[in-house]
Each structure stands twice: as C-alpha cells, then as structure tokens.
Amino acid sequence: MCGTALSWYRQVNPQCWTSEHVLEWISDHVDRIKFDASTLTLDYCTMDGATLCQMNHDQMISIFGPQLGLHLHQSLQEHKTKYGGMFGFPNPSSPESRSSDSDPEFSYPQISTPRGTHLWEFIRDILIHPERNQGLMKWEDRREGIFKFLKSEAVAQMWGQKKKNSSMTYEKLSRAMRYYYKREILERVDGRRLVYKFGKNSSGWKTEEVGMGM
DNA sequence: TTCTCGTTTCCTGTTT
DNA sequence: AAAACAGGAAACGAGA
C-alpha cells in the first residue's frame, strides 16, 4: 500500500482505510452532494475502514440519514467491488479492530444478511438502533416485538431508495407488511394505527437472541 | 427460458 | 374528511 497522492486511499481496498481516510472519504461525499455537515456527529464518522465495510445499507442510513447514507453506501459498494478483492461483503469472522479509533459501542449483532434484504429485515434493522434511526420508528414493547412507525412516509422513502424505487409510499409498503401476517413474520395488532408486531417467523430482533447483553 | 418468491401497484371497501 | 387498514388481483424483477 504505497501511497503518494492525497487520495491514494481511494485506489485500495476500503477495508484498509484508517479512520482518517474514512473521515476524508465522508467529507468528500458531503462536499460532493452539498450535504449540511452540521447535522452529522463527528463521533459516528470516526471508524476505520474495516468497521465501515461492516455496515450494511440500513446501518449507513441510520447513521448518516437517507440522503448521505445512500450516497455513502453506493459509493462504498463500488469501492468494494473495484478494490475489495474477491469478497462481495466483509468477512463475518474478521477479528474486528477495536482500536480506540473505532466507535466504542459499535457492536452490531451479527445477523446473516443475505443479498437483497427483505422488507421486514429492513424494518428490523431500523428498530435495532433506536438511538440512530432519527425517530423513524420506535418499540412499543421491545420484549413482545411490538413496534410503531413514527415517520411512515420517510421509512417508505428509505425502503424505496433501497429498492431503487422513488415512488414507494407507506400505502404500498403497508400492503407488503400485511402479506407478512399469513406467513407469521408479523402478527396483527388491531386498533393501533401504524403498529405492528413481529411474529414467530421473524428473527434477529429479540435482545436475548442477539446477545446484546440484556 | 420458465418458474417461484417477495414484493409493487392498483383498487374498492371499511374503519378510525 | 383524511389517513389507515383490508385484501383480491395482476404485474414485476431477481434469482434458481
């Protein structure tokens, strides 16, 4: 990894980036899309490349918001395919560099994320990080898996971005949610508008199951 | 290429 | 009245 130019890091596997490179890369995108950087927390931008590469689309959006998050995610995917060697996504068993540079509480549950996340998984991943999801959704009853949409149209837009469909609405998203009742991925919660409950065929949201120390 | 799955889109009717 | 909820039906795109 010999480097000379300021931006040499852009030609290497993003896994190798230091936290400075990551920060540089983020600010580059901030400039490029004229994003209002004052809405960002420097804390969340401080991570090394390996940590960055661990993040999936939803986590990226949870931290950086729908606009910047999407740009970062797409750009990172391009970097990965171009310079990231043979891996489509990061090695799940990577030892994890927990340097003081990394976000100390950066311990996402290791959920196997198949290509093309499903809607319920997308929703679940937003809920797993309530402190970072910008008030999009919240748990009504964490134990029971009951949750509520706070910004239904915003979530729908995010879902649409993920599927490259700018015309997604809550109306249409909710139809897909209702199909989950029969498959018992969701259970009905009636009388409660915008409230749903995870069913027995869902996974990855229970605190015990995920081992988040609760 | 065809088939399935998981939605997406549209719609009509009901409920809150 | 507006926004959600209910599902049927058909179209769709990705992947096997």
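Atoms considered below: every heavy atom in the structure, side chains included; atoms not considered: hydrogens, waters and symmetry mates. By convention in this document, chain letters (A, B, ...) are assigned in the order of the sequence lines, proteins followed by strands, and residues within each chain are numbered from 1.
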Under 4.0 Å between a side-chain N or O of Ser167(A) and OP1 or OP2 of dT8(B)? no

Please state whether the phosphate of dG6(B), meaning OP1 or OP2, lies under 4.0 angstrom from any side-chain nitrogen or oxygen of Trp120(A).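 Looking at the OP1 and OP2 atoms of dG6(B), neither is under 4.0 Å from any side-chain N or O of Trp120(A).
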
Salt bridge or not between Lys197(A) and Asp141(A)? Use side-chain N to carboxylate O under 4.0 Å.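 Judged by the 4.0 Å cut-off on N to carboxylate O distance, Lys197(A) and Asp141(A) do not form a salt bridge.
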
salt_bridge(Lys138(A), Glu140(A)) N-O dist < 4.0 Å: yes

Sugar-phosphate only, base, or nothing, as touched by [X] at under 4.0 Å among non-hydrogen atoms:
| X | answer |
| --- | --- |
| Tyr180(A) | sugar-phosphate |
| Phe149(A) | nothing |
| Asn165(A) | sugar-phosphate |
| Leu173(A) | nothing |
| Tyr170(A) | sugar-phosphate |

Could you pick out which residue, Arg193(A) or Tyr181(A), lies toward the 5' side of DNA chain C when each is mapped onto its nearest nucleotide?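 Nearest nucleotide further toward 5': that of Arg193(A).
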
Given DNA chain C, 5'-ward residue of the pair Lys182(A) and Ser174(A), judged by closest heavy atom: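 Comparing both residues, the 5'-ward one is Ser174(A).
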
Closest to the [X] side chain, choosing from [options]:
| X | options | answer |
| --- | --- | --- |
| His118(A) | dT7(B), dA9(C), dC5(C) | dT7(B) |
| Lys172(A) | dT9(B), dA9(C), dA4(C) | dT9(B) |
| Arg183(A) | dT9(B), dC5(C), dT7(B) | dT7(B) |

Send over the distance from [X] [atom1] to [N] [atom2], rounded to a whole Å.
| X | N | atom1 | atom2 | answer |
| --- | --- | --- | --- | --- |
| Phe122(A) | dT8(B) | CZ | C1' | 15 Å |
| Arg178(A) | dA4(C) | CZ | P | 12 Å |
| Met177(A) | dT7(B) | CE | C1' | 13 Å |
| Gln161(A) | dT8(B) | CD | P | 14 Å |
| Lys148(A) | dC5(C) | NZ | C1' | 15 Å |
| Lys151(A) | dA3(C) | NZ | C1' | 19 Å |
| Leu194(A) | dA2(C) | CG | P | 18 Å |
| Leu119(A) | dA14(C) | CG | P | 17 Å |

Upstream residue (5' side of DNA chain B) when Gly191(A) and Met168(A) are each assigned their closest nucleotide: Met168(A)

Straight-line distance of His79(A) NE2 to Gln74(A) CD, nearest 0.5 Å: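 Rounded to the nearest 0.5 Å, the NE2-CD separation comes out at 12.5 Å.
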
Check the pair Trp159(A) / Lys163(A) against side chain to side chain contact (heavy atoms under 4.5 Å, CB included), numbers first and verdict last. CA-CA 6 Å; Trp159(A) 174 238; Lys163(A) 300 289 288 293; 3.8 Å; yes

Does Tyr179(A) get its side chain close enough to the base of dA9(C), under 3.5 Å, for a donor-acceptor pair?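 For Tyr179(A), whose side chain was compared with the base of dA9(C), there is a donor-acceptor pair (under 3.5 Å).
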
Taking atom types as they are modelled, would you say the side chain of Arg175(A) forms a donor-acceptor pair with the base of dT8(B) within the 3.5 Å cutoff?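 There is none.
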
Cationic tip of Arg183(A) above Tyr179(A) ring, under 6.0 Å, 45° of axis: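 The answer is no, since Arg183(A) fails at least one limit relative to Tyr179(A).
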
Donor-acceptor check, side chain of Thr81(A) to backbone of Gln77(A), threshold 3.5 angstrom: yes or no?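 Yes; judged by distance alone, with no hydrogens or angles, the pair exists.
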
